[in-house]
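Lettering of chains follows the sequences in order, A, B, ..., and the numbering in each one begins at 1. Here the structure is a predicted model, which is why all the values come from computation and not from measurement.
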Amino acid sequence: MTENPARESRLLRGVHRTVTGLHPALESIVAAIVGLLIGAVLMYIWGFDPWKAYWALLRGAYGGSYEWASSLARATPLILTALTFSICVRAGMFNIGAEGQMMMGAMAAVCVALFAAPTVLHLIIGLVFAAVAGALWSVVPAILKVSRGVSEVISTIMFNWIGRWLALYLAIYVIVDRMRPEKTLTVPVTARFPILVRGTDLSASIFLAVGVALVMYFLLWHTTMGYEVRAAGLNPTAARYGGIRSKRTMIISFLLGGITAGLAGATIAMGLPPSYAIFGGGAFPELTNLGFDGMAVAMVGRNHPIGILVAALFFGGLNAGGRVMQFYGSNPVPLEMIRVVMGAIVLAMAIPELIRLFPAIKNQGERFFAVLRRRRETRSKEGKA
Amino acid sequence: MNENAGPEARRDADSYFLRAEGITKIYSDGTVALKKATLEIHPHEIIGLLGENGAGKTTLTKILSGLLPPTRGRVVSPRGPVRFASPREALDFGIGMVHQHFALVGTFTATENVALSHEKPFSLIRLAKTRERLEALMEESGLRVPLDVPVEKLAVGEQQRVEILKVLFRDVRLLILDEPTSVLTPLEVDELFALLRKLKEKGTSVILITHKLKEVQSITDRIVVLRHGEMVGDVRTAEATTERLAQLMVGKTLEGEPTAFELSAEQLPRALSASRKKEFSGEGILHVIDLVARGNTREIAVNGVTFDVHGGEIFGIAGVEGNGQSELVECLTGLRVPVSGTATIRGTNILGKDPRQIYRLGVAHVPEDRWRLGLVLPFTLAENAILGVHRWEEFQGPFGILRRGKVNQHVRKLMDRFDIQATGPNAPAKSLSGGNQQKLIVGRELAKDPAIVVASQPTRGLDIGAAKYIRDLLIEMRDNGRAILLVSADLDEVLALADRLAIMYEGRFMTSCRPDTLNREQIGMLMGGVACKEVA
């Protein structure tokens with residue numbers, strides 16, 4: 001049990017720094033290209049034309065203002081859930097719980113439909129609700145970690161499930177739309193994010209996401225609190241020596257992470273036309289996986305708020321363009337292929353770690369053959385004797 | 001005796017089992033750990049390997065047991081030269097080593113641990129057979145351990161016995177033990193020594209690494225002394241006196257110079273200047289009374305130490321590492337909660353407080369491990385320069401903003417004043433050389449304007465220039481009336497700097513006096529656990 005921190009720091013190794021010695025941004029780009037290539041090979045094997053498919057993907061993602069708007073709209077919640085993961089990584093912890101925290105945030109945001117308020121105020125109240133709900137859902141695992149030593153990896157995953165089913169219960173029985181029981185109450189117009197580009201999903205929630213990313217950047221790199229959080233994440237013993245209370249930085253990072261995850265839920269409930277509601281029927285089609293995809297975005301964005309903005313735009317583009325890919329040409333590529341590409345990119349991010357293993361594997365092999373050779377020699381010697 | 005020895009008993013009594021010839025080991029970072037060491041190991045022999053930290057004891061045994069290849073030199077058996085690519089090959093040859101830190105799987109039983117260590121990869125583990133042989137072995141050697149309890153539930157002494165069984169299970173003819181008694185109770189030490197004598201009867205050779213003079217004299221046949229990687233003595237135990245061994249271990253006293261520390265004479269002119277002779281009249285700053293603390297493995301590491309440190313003096317704590325110095329420093333700097341005792345700084349209790357509260361009382365801490373404790377390596381120079389002082393008023397802007405401009409100003413001042421060579425405040429700390437990293441830490445701590453500086457191994461691993469610079473800084477602080485607690489395994493350093501000296505051995509102070517009242521032999525004996533009275 002005493003080895004736990006060591007094992008976890010080993011888990012976290014390589015998250016902050018690059019292994020290949022390349023610039024982190026370059027490493028992420030290489031990983032993205034490798035992922036796309038793997039996707040191309042798979043498409044080729046299954047008889048699709050990868051170049052046509054990717055061309056469709058590119059046009060569907062960034063081919064015009066409508067496409068850009070769609071990509072940005074899909075990037076919005078990913079920015080926020082990616083921030084959840086990366087803030088906690090910077091503090092030296094794995095918060096896998098963005099999914100559950102985001103769902104709680106979405107439910108809290110829907111609650112604004114229960115009362116009336118003036119336009120902007122209504123929206124702000126909804127955001128506060130979502131942020132508080134996300135933070136509450138996030139801080140419980142952090143408190144368990146700090147007080148009882150419960151691994152945050154395990155507890156946040158469990159909290160994802162509790163959160164998901166609790167949210168489903170709320171969506172189906174409590175804040176349900178009595179007329180259309182498959183969805184929750186509709187967020188009233190006064191509490192909606194205004195649409196930025198007519199006919200698209202892109203709402204002003206993108207400003208919220210970008211703003212939060214910038215605030216988090218400032219918080220982590222330009223405040224005393226951020227300094228303490230990063231110090232505790234990089235070297236907990238040195239932080240303790242420096243008078244930093246790591247329990248405090250853990251709680252802070254989880255609170256901040258929960259807030260951003262909760263806001264991600266709010267951008268869906270209050271910013272996604274046309275329904276402005278969450279569908280309990282079909283078990284949250286708009287929400288599911290946003291938290292986990294956020295982790296992929298955080299990794300590609302190298303856990304840096306600015307890197308996350310770029311990575312989220314890329315992943316948003318994949319999601320938006322993927323829809324176009326599936327009705328393009330005579331032999332359309334199914335949407336699932338895009339998820340394969342995403343998976344391949346995340347795997348490619350881990351390849352530098354694998355490269356480092358090669359010398360060790362080589363050493364082991366050489367040693368093995370040396371043993372074989374020596375054994376053969378002694379055997380032949382014995383034979384002669 | 002020969003009837004007990006195995007099939008290899010063809011050798012006559014004076015033929016050797018193994019000989020290390022001219023072994024030199026240079027580590028990749030350029031450290032010369034061993035210089036042309038030559039050691040002949042005979043059957044029926046217990047050899048004591050004696051030396052201070054970094055003398056090369058462990059390096060030599062690691063080479064013999066196949067953990068490290070020698071840079072130059074060779075290991076020879078009567079049948080010709082041998083080379084071990086791994087500990088397993090050495091074990092096949094009959095050389096087994098029990099390390100200071102055990103290599104046991106905590107959740108496995110003793111039987112499973114032994115089975116694990118001797119089975120080849122992919123072979124079947126035959127637990128019943130292992131257990132049978134193990135029981136026979138326990139009967140034969142008198143080394144009893146519970147076989148069906150997970151080893152993590154066993155006492156440390158029992159765990160060590162499992163380690164020894166693991167090695168004996170392979171019929172070793174040379175058993176190497178690295179500081180085996182440091183974790184044992186006196187009774188367990190007696191049991192261990194009884195076993196070693198029994199093994200010796202059977203013809204096994206034993207190498208015992210230790211720094212405890214009494215032990216080495218009570219059990220060994222021959223004592224080999226290493227100092228700074230060189231073999232400075234190879235004496236029969238019967239002929240060796242405690243004084244002689246202590247002298248060999250810590251170095252010779254030069255004729256005519258009462259305290260001739262080679263280092264100090266040229267490097268520390270100011271330390272040897274008149275300042276030491278004066279009686280310090282500074283106020284008492286740190287008072288420690290009867291402090292008891294446990295180490296990381298719950299053993300009693302600090303066993304009732306009492307001392308105080310005054311302004312204007314350097315209080316040095318010498319001793320072989322691992323005798324409780326680290327734990328003592330951690331207690332005083334808020335990193336460890338002691339079991340009992342009191343410690344006050346200017347009358348305010350510091351025990352059980354966290355580092356931040358202790359720093360507020362005017363404590364600066366130069367930690368022993370600069371990479372683990374002193375620095376956040378991926379951080380920049382500037383970020384590291386404010387670790388621990390980052391909540392200073394002058395760095396705080398509105399809304400908790402860290403004023404980067406002020407921080408950089410502070411760093412530039414430090415870089416100027418403490419001669420830190422770096423490309424700028426934003427250079428990553430890991431790009432700095434070891435000397436500059438240490439200057440950064442020392443500078444950061446001294447810039448706190450502390451009442452007391454707790455410096456633990458402040459010059460370890462530094463080149464002569466940087467070490468001298470840091471020692472001069474400590475002296476300067478002392479002359480400015482600050483109290484300094486210096487803990488160092490480098491005896492020369494403590495002797496040169498300290499106004500008063502304590503020698504720590506197994507969690508206690510062996511003595512506390514002015515350094516010039518002791519000669520080197522006495523110090524060597526104290527470090528080895530032989531009290532002054534017994535000497536006189």
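- Not one N or O on the side chain of A:T224 forms a donor-acceptor pair closer than 3.5 Å with the backbone of B:R391.
- Shown here for B:L387 and A:A238, the closest heavy-atom pair between the two residues is CD2-O, 3.8 Å.
- Neither the backbone nor the side chain of B:E152 comes within contact range of chain A; no heavy atoms are under 4.5 Å apart.
- Side-chain contact between B:L402 and A:H222 is absent, with no heavy atoms from C-beta onward closer than 4.5 Å.
- The side-chain contact (heavy atoms from CB on, under 4.5 Å) search around A:L256 returns A:I87, A:M216, A:L219, A:M225, A:I252, not counting sequence neighbours.
- Of residues 239-248 of chain A, those residues with a non-hydrogen atom less than 4.5 Å from any non-hydrogen atom of chain B are, in numerical order, A:R240, A:Y241, A:G242, A:G243, A:I244, A:R245, A:R248.
- Pairs engaging residues 252-263 of chain A under the side-chain hydrogen bond (donor to acceptor under 3.5 Å, both in side chains) rule: A:T84-A:T260 [sequence neighbours left out].
- If you measure heavy-atom distances from B:R404 to chain A, the contacts under 4.5 Å come from the side chain alone.
- Only the side chain of B:R444 comes within less than 4.5 Å of a heavy atom of chain A; its backbone N, CA, C and O stay farther away.
- For B:I358, no part lies near chain A; criterion is any non-hydrogen pair under 4.5 Å.
- More than 12 non-hydrogen atoms from other residues, nucleotides or ligands lie less than 6.0 angstrom from CH2 of A:W221.
- Using a 4.5 Å cut-off on side-chain heavy atoms (C-beta onward), A:N235 and B:F379 make no contact.
- Atom OG1 of residue A:T237 and atom CG of residue B:D369 lie 8.0 Å apart, to the nearest 0.5 angstrom.
- Residue-level contacts of residues 330-337 of chain B with chain A, in order of numbering, are B:G334, B:L335, B:R336; threshold 4.5 Å between heavy atoms.
- Among the candidates B:L373, B:V407, B:V389, the residue making the largest number of heavy-atom pairs closer than 4.5 Å to chain A is B:L373.
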